[in-house]
Amino acid sequence: SAGGALPTATRSAGAAGTQTATIFAGGYDTANTAEAYTYDGSSWTGIPALNQARRSLDQNMAGTTAAAIIAGGYVEPSRTANSEEYNGSSWAEGNNLNTARSDAAAGGIQTASFLAGGSTGSATGATELYDGTSWTNSGSLNTARRALGGGGSQTAGIVFGGIGPTGATETFDGTSWTETADMATARHSGAPANQPGANSSTFAAGGVTDDYVSITEEFTKSANVITAGAYASGGSLNTGRYAIGGMGTEAAGLAAGGYGPDRTANSEEYNGTSWSEGNNLNNAGEGGGAAGTQTNAAYMGRGAPPATNYFEGYNG
(Lines give C-alpha, C1' and ligand atoms only; values in the text may rest on other atoms or scores of the structure.)
Protein backbone atom coordinates (compact mmCIF):
# COMPACT_ATOMS: atom_id res chain seq x y z
CA SER A 1 0.00 0.00 0.00
CA ALA A 2 1.13 3.57 -0.59
CA GLY A 3 3.18 5.26 2.12
CA GLY A 4 4.27 8.86 2.58
CA ALA A 5 6.18 10.21 -0.42
CA LEU A 6 9.75 11.48 -0.23
CA PRO A 7 10.00 15.30 -0.18
CA THR A 8 12.32 15.08 -3.20
CA ALA A 9 12.15 12.43 -5.91
CA THR A 10 15.50 10.68 -5.64
CA ARG A 11 17.23 7.57 -7.00
CA SER A 12 20.42 5.70 -6.10
CA ALA A 13 20.32 6.69 -2.43
CA GLY A 14 21.37 4.53 0.51
CA ALA A 15 18.80 3.23 3.00
CA ALA A 16 18.73 1.20 6.21
CA GLY A 17 16.45 0.42 9.12
CA THR A 18 12.92 -0.92 9.40
CA GLN A 19 9.52 -0.02 7.95
CA THR A 20 8.76 2.31 10.88
CA ALA A 21 12.27 3.68 11.37
CA THR A 22 14.14 4.12 8.09
CA ILE A 23 17.07 6.35 7.16
CA PHE A 24 17.61 7.42 3.54
CA ALA A 25 20.59 9.48 2.37
CA GLY A 26 22.39 10.70 -0.75
CA GLY A 27 21.51 9.69 -4.28
CA TYR A 28 20.66 11.63 -7.41
CA ASP A 29 17.82 14.02 -8.27
CA THR A 30 19.08 16.49 -10.90
CA ALA A 31 22.65 15.98 -9.65
CA ASN A 32 24.40 14.10 -6.88
CA THR A 33 22.73 15.00 -3.59
CA ALA A 34 23.66 14.87 0.09
CA GLU A 35 20.07 15.20 1.32
CA ALA A 36 18.97 12.78 4.03
CA TYR A 37 15.63 11.81 5.59
CA THR A 38 14.11 9.50 8.16
CA TYR A 39 10.75 7.72 7.92
CA ASP A 40 8.49 6.93 10.90
CA GLY A 41 6.10 4.58 9.13
CA SER A 42 3.93 7.33 7.67
CA SER A 43 6.02 10.35 6.66
CA TRP A 44 9.55 11.54 5.88
CA THR A 45 11.46 14.17 7.87
CA GLY A 46 14.57 15.99 6.70
CA ILE A 47 17.75 15.46 8.75
CA PRO A 48 21.26 16.94 8.35
CA ALA A 49 22.84 16.26 4.97
CA LEU A 50 25.80 14.00 4.26
CA ASN A 51 29.19 15.68 4.19
CA GLN A 52 29.76 14.31 0.68
CA ALA A 53 27.05 14.31 -1.99
CA ARG A 54 27.10 11.05 -3.96
CA ARG A 55 24.96 8.52 -5.78
CA SER A 56 24.96 4.76 -6.54
CA LEU A 57 24.48 4.04 -2.84
CA ASP A 58 21.58 1.62 -3.36
CA GLN A 59 22.80 -0.85 -0.71
CA ASN A 60 25.82 0.93 0.78
CA MET A 61 24.22 1.74 4.14
CA ALA A 62 23.64 -0.22 7.35
CA GLY A 63 22.44 0.45 10.88
CA THR A 64 19.51 2.41 12.32
CA THR A 65 18.07 5.92 12.31
CA ALA A 66 20.11 6.66 15.46
CA ALA A 67 23.34 4.93 14.45
CA ALA A 68 23.99 4.43 10.73
CA ILE A 69 27.06 3.89 8.54
CA ILE A 70 27.24 4.78 4.84
CA ALA A 71 30.29 4.06 2.69
CA GLY A 72 31.32 4.31 -0.94
CA GLY A 73 29.21 5.58 -3.82
CA TYR A 74 29.92 7.49 -7.01
CA VAL A 75 31.32 11.02 -7.19
CA GLU A 76 32.41 12.25 -10.62
CA PRO A 77 34.63 11.11 -12.15
CA SER A 78 34.92 7.90 -10.12
CA ARG A 79 33.88 5.77 -7.14
CA THR A 80 34.61 6.97 -3.62
CA ALA A 81 35.81 5.17 -0.51
CA ASN A 82 34.39 7.86 1.76
CA SER A 83 32.68 6.58 4.92
CA GLU A 84 30.36 8.55 7.22
CA GLU A 85 28.56 7.77 10.49
CA TYR A 86 25.24 9.19 11.70
CA ASN A 87 24.52 9.48 15.43
CA GLY A 88 20.89 10.56 15.27
CA SER A 89 21.67 14.24 14.85
CA SER A 90 24.72 14.70 12.59
CA TRP A 91 27.12 13.00 10.16
CA ALA A 92 30.80 12.55 10.98
CA GLU A 93 33.65 11.34 8.79
CA GLY A 94 34.83 7.81 9.52
CA ASN A 95 37.77 5.80 8.23
CA ASN A 96 37.42 5.04 4.53
CA LEU A 97 36.81 1.75 2.75
CA ASN A 98 39.89 -0.12 1.55
CA THR A 99 38.27 -0.51 -1.88
CA ALA A 100 36.39 2.45 -3.35
CA ARG A 101 33.16 1.21 -4.89
CA SER A 102 29.50 1.86 -5.63
CA ASP A 103 26.37 -0.31 -5.90
CA ALA A 104 27.43 -2.72 -3.13
CA ALA A 105 25.41 -4.59 -0.47
CA ALA A 106 25.62 -3.85 3.24
CA GLY A 107 24.21 -5.26 6.45
CA GLY A 108 24.60 -5.11 10.21
CA ILE A 109 24.87 -2.22 12.65
CA GLN A 110 27.14 0.81 12.84
CA THR A 111 29.71 -0.92 15.02
CA ALA A 112 29.55 -4.33 13.30
CA SER A 113 28.63 -4.18 9.63
CA PHE A 114 29.72 -5.62 6.29
CA LEU A 115 29.86 -4.26 2.77
CA ALA A 116 30.20 -6.72 -0.12
CA GLY A 117 30.42 -6.68 -3.88
CA GLY A 118 29.69 -3.59 -5.96
CA SER A 119 31.46 -1.83 -8.79
CA THR A 120 35.02 -0.53 -8.87
CA GLY A 121 34.63 0.13 -12.58
CA SER A 122 33.96 -3.58 -12.98
CA ALA A 123 32.09 -5.99 -10.71
CA THR A 124 33.91 -7.00 -7.52
CA GLY A 125 33.36 -9.66 -4.87
CA ALA A 126 35.45 -7.86 -2.25
CA THR A 127 33.99 -7.86 1.28
CA GLU A 128 34.90 -5.50 4.11
CA LEU A 129 33.92 -5.51 7.80
CA TYR A 130 33.45 -2.37 9.91
CA ASP A 131 33.98 -2.37 13.69
CA GLY A 132 32.83 1.18 14.35
CA THR A 133 36.28 2.59 13.63
CA SER A 134 37.87 1.00 10.57
CA TRP A 135 37.21 -1.31 7.64
CA THR A 136 38.97 -4.70 7.36
CA ASN A 137 39.08 -6.98 4.32
CA SER A 138 37.29 -10.33 4.66
CA GLY A 139 36.35 -13.29 2.44
CA SER A 140 35.17 -12.42 -1.06
CA LEU A 141 31.83 -13.34 -2.62
CA ASN A 142 31.80 -16.48 -4.75
CA THR A 143 30.11 -14.47 -7.53
CA ALA A 144 31.45 -10.95 -8.09
CA ARG A 145 28.58 -8.57 -8.90
CA ARG A 146 27.13 -5.08 -8.58
CA ALA A 147 23.65 -3.67 -8.00
CA LEU A 148 22.90 -6.55 -5.62
CA GLY A 149 20.62 -6.75 -2.59
CA GLY A 150 21.38 -8.02 0.87
CA GLY A 151 21.32 -7.51 4.61
CA GLY A 152 21.45 -9.33 7.91
CA SER A 153 24.28 -8.96 10.38
CA GLN A 154 28.07 -9.05 10.21
CA THR A 155 28.12 -12.71 11.27
CA ALA A 156 24.89 -13.77 9.53
CA GLY A 157 24.64 -11.85 6.28
CA ILE A 158 23.01 -12.48 2.92
CA VAL A 159 23.33 -11.09 -0.62
CA PHE A 160 21.23 -11.89 -3.68
CA GLY A 161 20.82 -10.85 -7.29
CA GLY A 162 22.96 -8.41 -9.21
CA ILE A 163 23.73 -7.23 -12.72
CA GLY A 164 23.96 -10.07 -15.20
CA PRO A 165 21.25 -10.42 -14.25
CA THR A 166 21.88 -13.16 -11.69
CA GLY A 167 19.75 -14.84 -9.07
CA ALA A 168 22.77 -16.11 -7.14
CA THR A 169 22.29 -15.97 -3.36
CA GLU A 170 25.04 -16.28 -0.74
CA THR A 171 25.07 -16.28 3.05
CA PHE A 172 27.89 -14.97 5.27
CA ASP A 173 29.17 -16.25 8.63
CA GLY A 174 31.50 -13.34 9.35
CA THR A 175 34.41 -14.97 7.54
CA SER A 176 33.31 -16.60 4.31
CA TRP A 177 30.40 -16.70 1.85
CA THR A 178 28.43 -19.87 1.02
CA GLU A 179 26.15 -20.30 -1.98
CA THR A 180 22.54 -21.20 -1.17
CA ALA A 181 19.18 -21.34 -2.98
CA ASP A 182 19.03 -18.87 -5.88
CA MET A 183 16.23 -16.43 -6.65
CA ALA A 184 13.60 -17.81 -9.02
CA THR A 185 13.85 -14.66 -11.16
CA ALA A 186 17.39 -13.41 -11.81
CA ARG A 187 17.48 -9.59 -11.48
CA HIS A 188 19.34 -6.59 -10.17
CA SER A 189 18.55 -3.27 -8.48
CA GLY A 190 15.53 -4.52 -6.53
CA ALA A 191 14.41 -3.46 -3.07
CA PRO A 192 17.13 -4.87 -0.82
CA ALA A 193 15.43 -5.38 2.55
CA ASN A 194 18.63 -4.96 4.57
CA GLN A 195 17.05 -5.39 7.99
CA PRO A 196 18.40 -7.49 10.89
CA GLY A 197 17.66 -11.18 10.52
CA ALA A 198 17.68 -11.08 6.71
CA ASN A 199 20.02 -14.09 6.64
CA SER A 200 17.11 -16.35 7.61
CA SER A 201 14.08 -14.32 6.52
CA THR A 202 14.01 -11.57 3.92
CA PHE A 203 12.45 -10.52 0.60
CA ALA A 204 13.39 -9.02 -2.74
CA ALA A 205 10.93 -6.78 -4.57
CA GLY A 206 11.04 -5.30 -8.06
CA GLY A 207 14.24 -4.80 -10.01
CA VAL A 208 15.45 -5.24 -13.56
CA THR A 209 15.73 -8.34 -15.76
CA ASP A 210 15.61 -7.35 -19.42
CA ASP A 211 12.89 -4.97 -18.31
CA TYR A 212 11.53 -3.59 -15.05
CA VAL A 213 9.68 -6.18 -12.95
CA SER A 214 7.30 -6.01 -9.96
CA ILE A 215 7.98 -9.56 -8.77
CA THR A 216 8.41 -10.17 -5.03
CA GLU A 217 10.19 -13.22 -3.63
CA GLU A 218 10.66 -14.28 -0.01
CA PHE A 219 13.67 -16.09 1.40
CA THR A 220 13.47 -18.31 4.46
CA LYS A 221 15.99 -20.68 6.01
CA SER A 222 15.40 -23.26 8.72
CA ALA A 223 17.39 -22.99 11.93
CA ASN A 224 17.65 -26.79 11.92
CA VAL A 225 20.86 -28.19 10.53
CA ILE A 226 20.82 -31.80 9.39
CA THR A 227 24.20 -33.49 9.64
CA ALA A 228 24.86 -35.93 6.82
CA GLY A 229 25.06 -39.58 7.89
CA ALA A 230 28.12 -41.70 7.22
CA TYR A 231 28.80 -45.43 7.25
CA ALA A 232 31.89 -47.02 8.82
CA SER A 233 33.11 -50.57 8.21
CA GLY A 234 32.03 -53.19 10.73
CA GLY A 235 32.57 -56.94 11.13
CA SER A 236 31.55 -59.21 8.25
CA LEU A 237 28.82 -61.84 8.44
CA ASN A 238 30.04 -65.39 8.83
CA THR A 239 27.79 -66.53 5.97
CA GLY A 240 27.54 -64.34 2.87
CA ARG A 241 23.97 -63.97 1.56
CA TYR A 242 21.29 -61.52 0.42
CA ALA A 243 17.58 -60.93 1.08
CA ILE A 244 18.33 -61.19 4.82
CA GLY A 245 16.00 -60.25 7.65
CA GLY A 246 17.76 -57.57 9.72
CA MET A 247 16.74 -56.64 13.28
CA GLY A 248 18.12 -54.83 16.33
CA THR A 249 20.70 -52.07 16.57
CA GLU A 250 24.29 -51.36 15.63
CA ALA A 251 25.48 -52.65 19.02
CA ALA A 252 23.03 -55.57 19.24
CA GLY A 253 22.01 -56.75 15.79
CA LEU A 254 20.41 -59.88 14.43
CA ALA A 255 20.46 -61.31 10.88
CA ALA A 256 18.26 -64.25 9.91
CA GLY A 257 17.59 -66.21 6.73
CA GLY A 258 18.66 -65.14 3.27
CA TYR A 259 19.89 -66.65 0.06
CA GLY A 260 23.46 -67.71 -0.71
CA PRO A 261 24.05 -70.03 -2.42
CA ASP A 262 20.64 -71.46 -1.46
CA ARG A 263 17.90 -70.52 0.96
CA THR A 264 19.23 -70.66 4.49
CA ALA A 265 17.92 -70.77 8.06
CA ASN A 266 21.19 -69.30 9.33
CA SER A 267 20.92 -66.79 12.20
CA GLU A 268 23.73 -64.56 13.49
CA GLU A 269 24.04 -62.01 16.30
CA TYR A 270 26.16 -58.82 16.21
CA ASN A 271 27.78 -57.17 19.26
CA GLY A 272 28.87 -53.95 17.60
CA THR A 273 32.16 -55.45 16.44
CA SER A 274 31.67 -59.00 15.15
CA TRP A 275 29.04 -61.59 14.23
CA SER A 276 28.56 -64.91 16.04
CA GLU A 277 26.34 -67.86 15.20
CA GLY A 278 22.98 -68.01 16.99
CA ASN A 279 20.22 -70.58 16.90
CA ASN A 280 18.84 -70.98 13.38
CA LEU A 281 15.35 -70.35 12.07
CA ASN A 282 13.07 -73.37 12.06
CA ASN A 283 12.31 -72.79 8.39
CA ALA A 284 14.87 -71.73 5.79
CA GLY A 285 13.90 -68.89 3.49
CA GLU A 286 14.74 -65.46 2.09
CA GLY A 287 12.94 -62.15 1.79
CA GLY A 288 10.89 -62.45 4.97
CA GLY A 289 9.73 -59.49 7.01
CA ALA A 290 11.81 -58.78 10.13
CA ALA A 291 11.29 -56.55 13.17
CA GLY A 292 12.26 -56.14 16.80
CA THR A 293 15.43 -56.39 18.84
CA GLN A 294 18.16 -58.99 19.24
CA THR A 295 16.36 -60.52 22.23
CA ASN A 296 12.78 -59.96 21.11
CA ALA A 297 12.60 -60.43 17.34
CA ALA A 298 10.03 -61.56 14.80
CA TYR A 299 10.62 -63.05 11.35
CA MET A 300 7.56 -63.65 9.17
CA GLY A 301 6.59 -64.88 5.73
CA ARG A 302 9.26 -65.78 3.17
CA GLY A 303 9.82 -67.16 -0.27
CA ALA A 304 10.47 -70.88 0.08
CA PRO A 305 9.15 -71.09 -2.72
CA PRO A 306 6.21 -70.69 -2.78
CA ALA A 307 5.66 -67.68 -0.49
CA THR A 308 4.68 -68.76 3.00
CA ASN A 309 2.89 -67.36 6.02
CA TYR A 310 5.42 -68.71 8.55
CA PHE A 311 5.91 -66.64 11.71
CA GLU A 312 8.74 -67.17 14.16
CA GLY A 313 9.69 -65.31 17.32
CA TYR A 314 13.23 -65.09 18.81
CA ASN A 315 14.03 -64.52 22.50
CA GLY A 316 17.78 -64.20 22.17
Side-chain angles (χ1 to χ4, degrees), residues 1-50 53-73 84-91 102-110 113 115 147-153 157-162 165 183-185 187-209 211-220:
S1 59
L6 281 164
T8 304
T10 310
R11 63 178 172 88
S12 295
T18 64
Q19 188 186 73
T20 57
T22 302
I23 185 167
F24 182 92
Y28 188 93
D29 43 38
T30 56
N32 285 352
T33 181
E35 291 178 353
Y37 307 92
T38 56
Y39 187 69
D40 62 6
S42 58
S43 60
W44 295 90
T45 301
I47 60 174
L50 292 168
R54 44 191 144 151
R55 68 177 186 270
S56 298
L57 292 164
D58 304 318
Q59 247 295 324
N60 292 46
M61 182 187 278
T64 68
T65 55
I69 175 75
I70 192 167
E84 300 184 38
E85 293 183 358
Y86 185 68
N87 63 7
S89 59
S90 62
W91 294 92
S102 61
D103 304 299
I109 58 176
Q110 188 186 74
S113 56
L115 189 136
L148 63 168
S153 69
I158 186 170
V159 298
F160 41 83
M183 299 171 72
T185 300
R187 52 187 143 150
H188 64 86
S189 306
N194 63 349
Q195 70 274 63
N199 176 275
S200 58
S201 179
T202 190
F203 71 92
V208 183
T209 54
D211 199 356
Y212 301 113
V213 296
S214 58
I215 298 166
T216 298
E217 294 184 46
E218 297 180 2
F219 177 83
T220 57

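Side chains included, hydrogens not; waters and symmetry mates left out as well; all remaining heavy atoms used. In this text the structure is predicted, and so the values were computed from the model without any measurement. Just so you know, residue 1 is the first one in the sequence shown, and it goes up from there.
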- Item | Under 3.5 Å: donor-acceptor pair, side chain of Q110, backbone of A68 |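 A pair under 3.5 Å: yes.
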
- Between the main-chain N or O of A104 and the side-chain N or O of N60, is there a donor-acceptor pair closer than 3.5 Å?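 Such a contact is found between N60 side chain and A104 backbone.
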
[X]: which residues meet the side-chain hydrogen bond (donor to acceptor under 3.5 Å, both in side chains) condition with it, sequence neighbours left out?
| X | value |
| --- | --- |
| S89 | N87 |
| T30 | none |
| R187 | E217 |
| D40 | S42 |

Where do [X] and [Y] come nearest, in terms of heavy atoms and distance?
| X | Y | result |
| --- | --- | --- |
| A25 | L57 | O-CD1, 3.9 Å |
| A105 | G149 | CB-O, 3.9 Å |
| L148 | G161 | CB-O, 3.4 Å |

Counterpart residues, side-chain contact (heavy atoms from CB on, under 4.5 Å), relative to [X] (two or more places apart):
| X | result |
| --- | --- |
| E84 | L50, N51, Q52, R54, I70, N82, W91, E93 |
| T10 | T8, A13, F24, T33 |
| A66 | T64 |
| A49 | A34 |

Rounded to the nearest 0.5 Å, what's the gap from [atom1] on [X] to [atom2] on [Y]? Could you check?
| X | Y | atom1 | atom2 | value |
| --- | --- | --- | --- | --- |
| H188 | D103 | NE2 | CG | 10.0 Å |
| I23 | Y86 | CD1 | OH | 5.5 Å |
| S102 | Q59 | OG | CD | 13.0 Å |
| D29 | S12 | CG | OG | 11.0 Å |
| Y37 | T22 | OH | OG1 | 14.5 Å |

- Who passes ring pair (Phe, Tyr, Trp, His ring centres under 6.0 Å) against Y39, sequence neighbours left out?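 Expected list: W44.
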
